[in-house]
J.: 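My structure is below; once you've seen it, I'll send some questions.
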Amino acid sequence: MPRLLPAAAGLREARGSLPGATFAMCHSDPLDKNFDFAEAEPRLYAGWEESGLFRADPERPGPPFVIVIPPPNVTGNLHMGHALDATLQDILIRYHRMRGDNTLWVPGTDHAGIATQNVVERALAAEGLDREELGREEFVRRVWEWKATYGGNIVRQLRRLGASCDWSRERFTMDEGLSQAVREVFVSLYDEGLIYRGQYIINWCPRCHTAVSDIEVEHEDRRDSLYYLRYETEGLGPLVVATTRPETCFGDVAVAVGPNDPRYAAYLGREARVPLTGRLVPIIEDAHVDPDFGTGALKVTPAHDPNDFAIGQRHGLGQILALDESGLLTGAAGPYEGLDRFVARERMLGELGERGLLEKVEPLEHAVGVCYRCRTVIEPLVSRQWFVRAAPLAAEAARAVRDGRTRLVPATWEKTFFEWMDNIRDWCVSRQLWWGHQIPAWYCGGCGRTVVAREAPAACPDCRGTGLDQDQDVLDTWFSSALWPFSTLGWPERTRDLERYFPTTVLVTGFDIIFFWVARMMMMGLKTMGRVPFGTVVLHPLVRDAQGQKMSKSKGNVVDPLEVMSRQGADAFRFALAAQAGQARDLKIDEQRVRGYAKFVNKIWNAARFALSALAEAGGAPGAGEAPGDGGRPAALPDRWIRSRLGAVAGECRAALEGFHFDRYCDLLYQFTWYEFCDWYLELAKPILHGQDAGAARGTLGWLALSLGDLLRLLHPAMPFVTEEIWRRLRPGAGSIMAGPFPEPLAGEADPEAERQVRCLMDLTRAVRQVRSDFGLGPGPRLSPVVLARDGEIGRLLESHAPLLLRLMGADSLRLAGDDSGRPPDSAANVLDWGQVWTPLQGLIDPGAEAARLSREAERLAKDIGAASSKLGNPGYLAKAPEDVVSETRERLAALEDRLAAVRRALGVVGAISGNGPGAA
RNA sequence: AGGCGUGUAGCUCAGUGGGAGAGCACUACCCUGACACGGUAGUGGUCAAGAGUUCAAAUCUCUUCACGCCUACCA
């Protein structure tokens with residue numbers, strides 16, 4: 001009678017109190033040859049969502065395991081980076097959920113200031129509208145409207161991937177609660193003097209019409225020109241200055257030369273005439289000037305160059321704005337006023353040439369700053385902006401990483417992190433946009449006082465005037481994302497979620513936003529919460545195309561994850577991403593590889609098909625929880641073996657996931673599933689299942705079902721859909737596979753004896769198959785191998801499994817022969833007497849080719865034997881190498897020698913067949 | 001300029017002190033009753049180059065070469 005398997009024999013049942021779930025009927029026929037992912041994925045996902053298994057409950061027991069998703073842009077569509085990010089997070093979340101941890105995965109989206117504003121502006125342009133026409137209020141209303149219509153894309157797309165987020169906790173960076181968090185942080189940092197407003201040189205995008213922070217400027221190498229301009233002086237002849245931006249000369253306030261530069265000693269204290277304007281500026285010396293670059297003289301334009309700005313400060317020089325916010329020349333440029341900077345440059349060069357003020361032009365390769373959003377050349381500009389004083393915050397963040405409160409994985413990123421944190425500059429947080437968190441600062445029209453407050457003040461605290469105007473700027477979008485780990489949990493309210501789930505456990509993201517996001521979350525988390533916002537940061541590679549090129553629309557090499565999923569299925573896609581998520585910096589996504597894992601999904605599906613049909617044949621599925629057998633331990637060798645191996649693999653999977661080695665986890669399961677579970681276990685189980693012994697068949701069937709279930713559980717975090725679909729057929733009514741448990745190695749299941757015996761069966765089988773293959777026999781001819789059984793145990797093993805071996809080998813009979821060498825075989829392959837097998841094969845083989853092949857093998861073996869024996873003849877090795885290493889080498893040497901002997905015997909046989917081949921050497 | 005990283009089979013990549021591995025591709029044979037999206041057996045490598053440390057180096061150290069990325073105020 002089948003009975004319930006005792007817990008000790010199976011893998012632990014679910015702990016905790018995850019809600020049981022009921023599911024809709026399975027639709028596809030269990031006997032379909034392929035998994036119909038297109039049908040199953042949406043159905044399964046809907047079932048999961050309804051079941052409530054994604055939802056976190058702070059009152060449940062269990063250690064918290066919390067991830068906040070890196071919020072994608074609300075206007076965005078799922079790209080490869082998101083897909084990788086979400087896959088890795090989902091693997092961790094599902095693994096920990098199955099383990100019984102109290103898991104929470106917070107999803108959400110980012111309002112993405114510039115990006116979103118640009119997108120909506122483009123859409124309006126298509127309607128013939130522009131933002132200025134609409135006015136701020138109407139424009140912002142349109143953006144919200146846009147968000148309502150299109151903002152759900154990415155969230156739906158994450159569902160297609162199988163992401164098990166807690167959608168009841170979905171957040172948006174401009175939600176009321178999160179906006180409140182933003183104001184709260186801004187005001188308290190201002191009160192502490194960590195936020196200030198000031199007139200400094202900043203990076204200005206003339207297309208987006210806004211300031212951008214230093215890290216939002218990307219540098220592109222460009223071939224440009226270096227122009228040598230003559231600045232006339234009184235009596236001393238012209239002073240030649242090299243510049244790449246001649247149009248900024250209208251903003252020049254000085255010419256600087258290096259300290260103690262003998263070439264220019266006479267010029268110091270004199271004045272130079274700015275070309276085309278006739279304006280006189282002082283000639284000064286400053287340490288910044290590199291005497292070896294250009295002419296060793298530098299024009300100083302404090303309003304339009306960060307270095308010149310610093311020089312201007314040092315020397316108390318003024319500033320002249322030569323360019324406006326659209327990149328057009330100002331009134332300072334006289335006749336050039338109103339011209340675009342690049343147009344003006346061309347025209348000026350003509351005039352300079354005509355007037356003999358252009359000494360020469362040299363080609364120059366240099367880096368040009370461009371806007372990371374629209375790639376327009378950035379114009380440094382003096383402007384009044386809000387800044388976060390970053391150094392003290394960064395110092396805390398760096399300390400937290402140095403003392404291990406937050407760990408970066410892989411740790412090599414720590415150096416990069418410190419490098420930046422130790423050299424951090426103040427963060428310009430104001431943006432001249434309409435879409436975003438408006439800065440909570442008000443200016444009194446009466447007395448000019450600035451009021452920074454959580455809510456709009458009714459009147460000026462100084463003059464009581466009511467004419468207060470709020471700052472028109474909004475905050476950098478990264479300001480609100482920096483608060484994400486706690487703002488999403490309800491802060492500044494003291495919520496139950498915040499208490500239970502903060503700090504979060506792991507942050508998973510690409511290394512490209514370490515500075516933009518990770519560092520700033522650390523700074524804000526430490527400042528605001530007094531704790532690091534996450535314990536571990538997992539930095540994954542960046543996804544590239546199959547050639548390793550960055551994906552971009554202009555290159556046309558963008559691979560759409562949705563398309564890949566619709567062709568190959570979400571499971572295959574996820575598995576491909578995770579299997580390649582090693583410690584490298586690039587992840588090359590190639591659909592061929594995804595296709596390979598789709599085959600793997602098919603392999604799993606068919607293994608299940610086999611098991612399910614065997615269960616059905618046995619008269620109603622006993623279910624994986626039921627198995628006959630004694631004392632809950634498997635009796636048959638294949639079952640003992642697979643239980644032992646499953647336990648070991650479960651342990652390795654756990655270790656891989658705990659260490660964030662997603663690639664190892666995937667590789668492990670791919671190899672085990674295909675080459676052990678399918679190729680060997682199922683094959684070894686077949687004769688038992690189809691055999692005469694009904695009790696044995698029932699027993700193996702139970703273990704087969706149980707083991708398949710455990711395998712599915714191991715695979716589930718990476719391949720949620722197919723594993724769930726099979727699980728429901730395998731254990732109807734048992735609830736979702738995602739409720740766990742995740743298999744773990746149990747001491748009672750390790751069975752080294754069974755593993756050794758199965759290895760031996762495998763070696764023997766392989767040896768015979770090799771004979772068959774080497775001689776090109778095909779499956780037709782029946783063989784009668786003779787095995788040299790050199791010890792009683794092996795003999796008994798072979799005798800007890802003779803039918804199995806005959807089946808595997810395709811042999812008619814299997815004979816055991818004694819051996820007089822007395823050496824115990826350590827590799828069963830070596831006990832086959834090939835000569836006995838081959839002798840009757842005369843006429844079926846090509847002796848010449850066979851002799852050549854065997855000679856090559858003999859050569860290789862001799863080389864390996866030479867290496868191993870010289871090692872064993874080395875006194876240093878024997879003295880210093882660990883004992884197990886030495887004995888391993890001895891065993892290997894013996895095995896190699898056995899093999900060589902067999903190959904030589906074989907050569908003798910081949911020689912005998914050919915009549916003149918190489919003799920038995 | 002500085003920092004980081006990479007270089008292992010045709011391709012994509014694991015492997016961090018003791019037998020050079022995986023997937024794909026390739027070759028041969030096989031539609032064996034889960035799967036031809038399959039099975040079996042194979043081919044293929046001076047682990048970029050050189051030197052050093054060690055009984056022992058793909059692995060540790062140094063140098064060189066090639067490539068990539070990041071940071072940076074050479075106008």
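In what follows, every chain begins at residue 1, and chains take the letters A, B, ... in the order their sequences are listed.
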J.: Say we look at U59(B) and U8(B): how far apart would their C1' atoms be, to the nearest angstrom?
T.: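 Rounded to whole Å, the distance is 11 Å.
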J.: Pick the C1' atom in A34(B) and in G39(B), then give their distance to the nearest Å.
T.: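 After rounding to an integer number of Å, I get 12 Å for this pair.
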J.: Quick one: side chain to side chain donor-acceptor pair (under 3.5 Å) partners of Asp667(A), sequence neighbours excluded?
T.: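 In terms of side chain to side chain donor-acceptor pair (under 3.5 Å), with neighbours along the sequence ignored, Asp667(A) is linked to no residue.
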J.: Does a side-chain N-to-carboxylate-O contact under 4.0 Å join Arg856(A) and Glu859(A)?
T.: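 Salt bridge flag = no for Glu859(A) with Arg856(A).
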J.: Please list, in numerical order, the residues of residues 669-686 of chain A that have a heavy atom closer than 4.0 Å to any atom of RNA chain B.
T.: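 Per residue number, the list reads Tyr670(A), Gln671(A), Trp674(A), Tyr675(A), Cys678(A), Asp679(A), Leu682(A), Glu683(A), Lys686(A).
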J.: Categorize Thr301(A) for me: base, sugar-phosphate, or nothing, with a 4.0 angstrom heavy-atom threshold over every strand shown.
T.: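 Counting heavy atoms under 4.0 Å across all strands, no contact is made by Thr301(A).
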J.: Considering only the P atoms, how many Å lie between C31(B) and A36(B), rounded to the nearest integer?
T.: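 Going atom to atom, P in each nucleotide, I get 14 Å.
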J.: Only stems of 3 or more consecutive Watson-Crick or G-U pairs count here, both distances under 3.5 Å; name the ones for RNA chain B, or none.
T.: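 Stems (3+ consecutive pairs) listed as B:1-7 with B:65-71, B:10-13 with B:21-24, B:26-30 with B:38-42, B:48-52 with B:60-64.
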J.: Cation-pi between Lys603(A) and Tyr597(A): NZ/CZ under 6.0 Å from ring centre and within 45° of the ring axis?
T.: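 No, Lys603(A) does not sit over the ring of Tyr597(A).
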J.: Between A56(B) and U16(B), how many Å separate the two C1' atoms, rounded to a whole number?
T.: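 Per the computed distance, 15 Å lies between those C1' atoms.
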J.: Can you find a heavy atom in the side chain of Leu900(A) that is under 4.5 Å from one in the side chain of Glu857(A)?
T.: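 No, their side chains stay 4.5 Å or more apart.
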J.: Short of 4.0 Å, heavy atom to strand atom, which residues of residues 415-427 of chain A count as contacting RNA chain B?
T.: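 Contacting residues: Lys415(A), Arg425(A).
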J.: Take atom P in C13(B) and the same atom in A72(B), then report the distance between them in whole Å.
T.: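 Going atom to atom, P in each nucleotide, I get 28 Å.
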J.: Going 5' to 3' on RNA chain B, which nucleotide is the first and which the last to come under 4.0 Å of a heavy atom in chain A?
T.: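 Extent of the interface on RNA chain B: C4(B) to A75(B).
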J.: Taking the P atom in each of U32(B) and C37(B), what is the distance between them to the nearest angstrom?
T.: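 These two P atoms come out 14 Å apart once rounded.
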J.: May I have all residue pairs that pass side chain to side chain donor-acceptor pair (under 3.5 Å) and include part of residues 867-887 of chain A, sequence neighbours excluded?
T.: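 Every pair satisfying side chain to side chain donor-acceptor pair (under 3.5 Å) with a residue in residues 867-887 of chain A: Tyr877(A)-Thr889(A).
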